[in-house]
Amino acid sequence: RPERAAAPAPAAETAATLSNPFVQVGLFSLEENAEDAASTLREAGIVPTVMPGEGRWRVVVGPMASPDDQAALLGRIRSLGFSDAFLSPN
């Protein structure tokens with residue numbers, strides 16, 4: 001009898017095991033610039049979150065479910081002109 005492969009873990013469980021499941025797209029001193037970046041991402045089919053805090057607005061995307069998802073999304077975001085985007089824990 002052939003062995004059955006284990007079912008893949010649900011995305012939420014897999015994302016929880018990644019040390020950096022988010023992409024930080026940018027940190028902006030002007031809310032308008034953060035919203036412009038978020039609009040660019042949305043136009044490309046990427047769903048960002050704009051997080052306000054201490055006079056800065058952070059634009060993040062995620063969480064991702066796997067290392068492959070991380071690499072693919074980070075590459076897409078950088079190709080949109082956000083060359084400083086990086087993987088982040090939150």
Side-chain angles (χ1 to χ4, degrees):
R1 218 183 211 191
E3 287 198 27
R4 295 173 66 172
E13 287 180 28
T14 306
T17 64
L18 296 174
S19 60
N20 295 305
F22 294 85
V23 173
Q24 179 168 313
V25 178
L27 184 64
F28 301 89
S29 58
L30 296 174
E31 183 177 13
E32 181 180 357
N33 293 345
E35 292 298 339
D36 287 347
S39 290
T40 298
L41 294 167
R42 284 186 200 101
E43 289 169 10
I46 299 169
V47 180
T49 300
V50 177
M51 303 169 65
E54 298 185 31
R56 302 267 188 246
W57 287 263
R58 190 169 164 243
V59 179
V60 297
V61 177
M64 271 81 57
S66 72
D68 289 341
D69 291 344
Q70 286 177 311
L73 188 58
L74 185 58
R76 270 186 75 202
I77 290 170
R78 286 180 175 167
S79 75
L80 293 171
F82 301 103
S83 59
D84 293 336
F86 61 92
L87 296 176
S88 172
N90 55 26

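Residues take their numbers from the sequence shown, with the count starting at 1.
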Review point. What pairs with Asp36 under side-chain contact (heavy atoms from CB on, under 4.5 Å), at least two apart in sequence or on another chain?
Key: Glu32, Asn33

Revision key, fill the gap. One should read off an interatomic distance between Ser39 OG and Leu41 CG, to the nearest 0.5 angstrom, of 8.5 Å

Check your understanding: Taking all atoms of both residues into account, what is the closest heavy-atom pair of Ala65 and Leu18, and its distance?
Key -> C-CD1, 3.9 Å

Exercise for review: Group every Ile, Leu, Val, Met, Phe, Trp and Tyr by side-chain heavy-atom contacts under 4.5 Å, then state whether Leu27 and Leu74 land in the same group.
Suggested key: no

**Study point:** Val59 side chain near Phe82 side chain, heavy-atom distance below 4.5 Å
**Key:** no

**Study point:** Test item: Arg76 side-chain N/O and Ile46 main-chain N/O as donor-acceptor pair under 3.5 Å
**Key:** no

Check your understanding: Looking at Trp57 and Ser29, what are the two nearest heavy atoms and their distance?
Key -> CZ3-O, 3.2 Å

**Study point:** Single-linkage hydrophobic cluster Leu73~Phe22, side-chain heavy atoms < 4.5 angstrom
**Key:** no

Practice item. Using modelled atom types only, decide if a donor and an acceptor are shared between the side chain of Glu35 and the backbone of Val50 within a distance under 3.5 Å. Key: no

Revision key, fill the gap. Residue set satisfying side-chain contact (heavy atoms from CB on, under 4.5 Å) with Thr49, at least two apart, ordered chain then number -> Met51, Val60

Practice item. May I ask you to test the Leu87-Val23 pair for a side-chain heavy-atom distance under 4.5 Å? Key: yes

Check your understanding: Same cluster for Met64 and Val25 if Ile/Leu/Val/Met/Phe/Trp/Tyr side chains link at under 4.5 Å?
Key -> yes

Review point. Within a strict 4.5 Å, meaning less than it, do heavy atoms of the Ser79 and Ile77 side chains meet?
Key: no

Exercise for review: Quick one: closest heavy-atom pair of Pro48 and Arg42, and the distance?
Suggested key: CD-CG, 3.6 Å

Practice item. Over all heavy atoms of both residues, which pair between Pro89 and Pro21 is shortest? Give the atoms and the distance, please. Key: O-CD, 3.9 Å

